[in-house]
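Convention: sequence-line order gives letters A, B, ...; per-chain numbering from 1.
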Protein chains: 2
Amino acid sequence: MGQQSGKRLSRKERERREHRRLILEAAEELFARKGFHATSVQEIADEAEFSVGSLYNLFESKERLYHELIEMRADQYLRKLDQRLDEADGPVDKVRAAVRCKLDFFEEHRQFFHIFGNFVSGAESASPPMLSKRCLEIHGRIHRQLESVFEAGIREGIFADIDPVLAVLVLEGTTNAIIGEWIHTGARALESINPGTVEQILFHGLLDGTANE
Amino acid sequence: MGQQSGKRLSRKERERREHRRLILEAAEELFARKGFHATSVQEIADEAEFSVGSLYNLFESKERLYHELIEMRADQYLRKLDQRLDEADGPVDKVRAAVRCKLDFFEEHRQFFHIFGNFVSGAESASPPMLSKRCLEIHGRIHRQLESVFEAGIREGIFADIDPVLAVLVLEGTTNAIIGEWIHTGARALESINPGTVEQILFHGLLDGTANE
DNA sequence: GCTTATAATGAATGGAGGTTCATATTATGA
DNA sequence: TCATAATATGAACCTCCATTCATTATAAGC
């Protein structure tokens, strides 16, 4: 009985995963709207149309559920970023790709930005129980990916000779602020903000290129 | 008895304020380290060496205490920013002043960054009970101040013709990311990050000025 | 010193919510 | 159809606090 070999999963296992997915989605919605502490397990279960007990059959604890949610999205994002970077040619295009990738991702997972936001600000030890090892690792990988793009660009003389770590921070900080504002003002889609303008600023800065000082 | 006219406060009143200050400081330390929900009123009282009851004589509720703390720092920051902007001459210098002001402020109130971070990411409705009206108003004022700097700069042809709102977001996002990283890595002081470099990037962008495309 | 007003105290209260587990339900297979 | 295993359920349990308030300590006025 049971455990199929290789790819194929038993119906049981497929159902289990589907149920987990449903609960994770319900949780995302609630965590995003009300935060970790203000969301009760009962509410999550209700929203997903399961009992509390079932939820606890699928997840070890509320905290673990929270972590798995973040890990899921972080993984998803990392995969998307890797792919887009791979498709792009040359440092400038790769930076463009990274910006678009992030905007696209958070347009699709708008709610997640509220959750993600908690660890933007370096709030590791904060209330929603600190990120899991796994998350920090993904975060590190994303940064390293981007750093290497800048390193390449600097080597090729395309980017100014700036600490790549700083460059990544500027990239991340800028996109975060823009996404935050965009979500905050409830704009329907990111059309309202032209990604080209963002890139324009990132690449050329705020000063008028024609004038001086 | 009591209520002095004009400036002079009764000893009672002065003590009252001093006690409030002590509690706010203790609360800042704890909220920053553990977040709003994970910090108990008992702990705050202990840290400040008061009884829980006394704390409740001085503050209406835990939530109000939290809000007053944020309002206090936000006020402080707004005053500092106004002053620095006033002292600076011309748009470029004013932007420089704004960057330095922020770096200075969070170097002095490092802990507060963790609390502040919660609302950077547009997490208005999140767990630490949504910002007070007052806070949002201060936040708005800060942004408007900066926007007007950019507007002036654009009018004078010094800055590129970019939506001032966007320019402010870039400024805020960049500095947030840098301060976050700086605190995160536990650097002793902001010397480790040269503000000049930050300004360099903000003004001139990431591309090498000498090369092209 | 005595009386009264003012402030400080911390044990008791009440409510909220994470987790468990005895029971009920459904699926499986003979 | 019945016996057995696997799942689902939600009420009860237990812990943790925010808040209150009767009591005690302190200060002010006489």
If the condition is side-chain hydrogen bond (donor to acceptor under 3.5 Å, both in side chains), which residues does B/E147 pass it with, not counting sequence neighbours?
none

Between P on D/dA18 and CZ on B/R64, what's the gap in Å once rounded to a whole number?
17 Å

Between protein and nucleic acid, restricted to nucleotides 21-28 of chain C and to nitrogen or oxygen atoms under 3.5 Å apart, what atom pairs and distances do you find?
{"from": "C/dT28", "atom 1": "OP1", "to": "A/R11", "atom 2": "NH2", "distance (Å)": "2.3"}

Using a cut-off of strictly less than 4.0 Å, decide whether B/S54 has a side-chain nitrogen or oxygen near OP1 or OP2 of C/dT9.
yes

Do any N or O atoms from the side chain of A/R20 and from the backbone of A/L58 form a donor-acceptor pair under 3.5 angstrom?
yes

Could you tell me whether B/K94 sits above the aromatic face of B/F150, with NZ or CZ closer than 6.0 angstrom to the six-membered ring centre and within 45 degrees of the axis?
no

NZ or CZ of B/K62 within 45° of B/F31 ring axis and under 6.0 Å:
no

Measure across A/F50 and A/I23 and return the closest heavy-atom pair with its distance rounded to 0.1 Å.
CD1-CG1, 3.9 Å

In whole angstrom, what separates B/E43's CD from D/dC16's P?
12 Å

Here the distance between atom P of D/dT26 and atom NE2 of B/H19, to the nearest Å, is 14 Å

To the nearest angstrom, the CD-C1' distance between B/E13 and C/dT6 comes to 14 Å

Atom pair distance, as rounded to whole Å: CG in A/L58 and C1' in D/dT9:
14 Å

Integer-rounded Å distance: D/dA18 C1' and B/E60 CD
13 Å

Strictly below 4.0 Å, N to O, side chains only: are A/E108 and A/K80 in salt-bridge contact?
yes

Grab the CD-P distance between A/Q42 and C/dT20 for me, whole Å please.
16 Å

Sorted by position of nearest nucleotide on DNA chain C, 5' first, the leading residue of A/S40 and B/V52 is B/V52

Check the distance between D/dC17's P and B/F31's CZ and give it to me in whole angstrom.
13 Å

